[in-house]
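Working notes, beginning with the structure itself.
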Amino acid sequence: MEQERKIRVAITQGDTNGVGYEVIFKVFADPSMLELCTPIIYGSSKIAAYHRKALNLEVPYIVINHAEEARDGRLNLLNCFDDEVKIELGQPSQEAGNAALKALDRAMTDYRSELYDVLVTAPINKATIQSPGFHFPGHTEYIETSVGDGQKALMILMNDQLRVALVTTHLPIKDVAQAITKDAVIQKATIFHQALRRDFRVNNPRIAILALNPHAGDNGLLGAEEKNVISPAIEALAEKGIQAFGPYPADGFFGAGSYLHFDGILAMYHDQGLAPFKTIALENGVNYTAGLPIVRTSPDHGTAYDIAGQDKADENSMRQAVYTAIDVFRNRKNYDAPLQNPLPKLFHEKREDGDKARFTRPKDQFKSDSPRRSERSSEVVAEKKTEAES
């Protein structure tokens with residue numbers, strides 16, 4: 001089989017006073033990662049050098065000025081600006097926010113020019129990055145506006161066991177109930193369903209939908225959203241052929257381990273979904289933005305100012321974010337390929353009994369579409385590491 005070119009992974013530097021560079025450097029200190037992809041850090045050579053020296057991390061990289069110059073087998077650092085930026089590790093600052101935005105803007109420009117395949121974003125400070133060019137609650141909304149082509153984003157927090165999506169994201173609690181409408185639940189569940197099929201290759205996904213109120217409203221005693229909004233949305237989804245169940249009270253649902261019986265969980269608001277998720281999957285969780293043309297992931301943690309510059313940051317979430325971006329990119333290609341010219345790919349003609357023709361499916365066509373473990377990016381790197389150690 002012809003060797004495919006390595007997937008180009010753009011990685012934005014994030015807040016320059018946080019742990020972004022630390023977790024990036026630690027991930028690519030493993031040379032087997034460079035056999036899996038071609039990473040391009042969107043940042044600043046001066047800031048990168050400062051972090052590498054402060055952390056005493058001897059990770060080699062090359063500095064480039066354009067994404068086209070990226071070299072396979074190397075960690076590439078794309079110099080987005082030459083301005084001097086004061087680094088104050090562990091401290092929020094407007095300078096750090098401005099530096100994060102410059103890298104992010106350059107990454108958006110390069111994506112529109114198709115200069116990389118997937119995007120991984122290091123954490124930002126949502127307050128210090130605010131400016132005339134960034135007036136969004138977070139990465140998700142900014143990326144949706146920049147390169148979404150009118151499509152709607154869906155935030156999914158995930159690991160190998162659990163995928164949690166959100167109907168509302170960065171919204172004050174006082175505004176949540178008003179934002180939970182039948183149309184909103186249907187829209188987000190539909191995007192979730194398609195992402196599970198296309199991005200994660202789940203044939204017929206089962207989605208659990210959480211209630212908004214305690215005890216699922218107790219038949220209207222504690223709120224009517226379940227009866228008037230969420231249950232009718234679930235019925236409408238069933239009519240569309242989407243397997244959606246609920247609404248389930250969130251506390252018992254997670255406490256009893258019911259999440260293990262579903263391919264995805266749709267939560268009504270940020271902390272309802274993320275609090276249990278981070279309890280279960282803090283060290284290897286990934287934030288994935290579904291529903292957009294771009295494949296974008298990020299580690300499931302913030303700037304971690306409290307440990308910035310101390311060589312204490314765990315890089316596993318960033319590593320999983322890279323793996324997930326690569327896996328989703330491949331899954332989309334495999335899912336889309338037969339749809340472009342379906343008959344030659346899905347069926348072949350066999351003639352039997354004289355001139356009688358019938359169509360038969362390839363042997364494994366309707367088996368599970370989930371990637372084999374040996375094909376997953378994390379498994380490839382693990383195998384390479386084992387071979388190297390042997």
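Just so you know, these numbers use all the heavy atoms, side chains as well, and skip hydrogens, waters and symmetry mates.
Salt-bridge check for K26 with D311: passed, with a basic side-chain N closer than 4.0 Å to an acidic carboxylate O. At a threshold of 4.0 Å, the pair K46-D83 does not count as salt-bridged, since none of the basic side-chain nitrogens sits closer than that to a carboxylate oxygen. R319 has no carboxylate O lying under 4.0 Å from a charged side-chain N of D30, or vice versa, which leaves the two without a salt bridge.
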For a side chain to side chain donor-acceptor pair (under 3.5 Å) check, start with the C-alpha distance between Q91 and Y305, then their side-chain angles and the critical distance, and finish with the verdict.
CA-CA 6 Å; Q91 299 297 320; Y305 287 142; over 6 Å; no
Let me see the working for F200 and R163 under side chain to side chain contact (heavy atoms under 4.5 Å, CB included), right down to the final yes or no.
CA-CA 10 Å; F200 302 110; R163 302 182 189 96; 3.8 Å; yes
Give the C-alpha distance, both sets of side-chain angles, the deciding distance and a yes or no for side chain to side chain contact (heavy atoms under 4.5 Å, CB included) between L77 and Y21.
CA-CA 11 Å; L77 191 144; Y21 273 108; 4.2 Å; yes
Given side chain to side chain contact (heavy atoms under 4.5 Å, CB included), test V27 with I24 step by step and report yes or no.
CA-CA 5 Å; V27 167; I24 294 169; 6.0 Å; no
Assess whether side chain to side chain contact (heavy atoms under 4.5 Å, CB included) is satisfied between K126 and F136, documenting all intermediate values.
CA-CA 8 Å; K126 295 178 179 63; F136 303 94; over 6 Å; no
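Distance check, rounded to the nearest 0.5 Å: CG of L266 to CZ of F245 gives 14.0 Å.
Residues I129 and G97 approach most closely at CG1-O, 3.5 Å, considering heavy atoms. Here the closest non-hydrogen pair linking A179 and T168 is CB-CG2, 3.8 Å. Annotation for A153 and T289: closest pair CB-CG2, 3.8 Å, computed over non-hydrogen atoms.
Remark: the backbone N or O of K312 is paired with a side-chain donor or acceptor of E22 at under 3.5 angstrom. Looking only at distances, no side-chain donor or acceptor of N331 sits under 3.5 Å from a matching main-chain atom of R201. Side-chain N or O atoms of R197 include none that pairs as donor or acceptor with a backbone N or O of P205 at under 3.5 Å. Remark: side-chain polar atoms of D300 are not paired, donor with acceptor, to backbone N or O of G285 under 3.5 angstrom. Looking only at distances, no side-chain donor or acceptor of N287 sits under 3.5 Å from a matching main-chain atom of T297. Without hydrogens or angle criteria, E226 side chain to N213 main chain gives a donor-acceptor distance under 3.5 Å. With hydrogens and angles disregarded, a donor-acceptor distance shorter than 3.5 Å links the side chain of R332 to the backbone of P293. Between the side chain of E35 and the backbone N or O of P31, no donor-acceptor pair lies under 3.5 Å.
Taken together through direct or relayed side-chain contacts under 4.5 Å among Ile, Leu, Val, Met, Phe, Trp and Tyr, V120 and Y111 form parts of separate hydrophobic clusters.
Under the rule for a side-chain hydrogen bond (donor to acceptor under 3.5 Å, both in side chains), T324 has no partner lying at least two apart in sequence or in another chain.
Taking the six-membered ring for Trp and the full ring otherwise, F134 and Y142 have centroids separated by under 6.0 Å.
Side-chain contact between Q272 and L210: present, with at least one pair of heavy atoms (C-beta onward) separated by less than 4.5 Å.
The aromatic rings of F262 and F253 lie tilted to each other, with the angle between the two planes from 30° to 60°.
Here the options are V63, I62, N65, the test is side chain to side chain contact (heavy atoms under 4.5 Å, CB included), and the partner is S45; only V63 passes.
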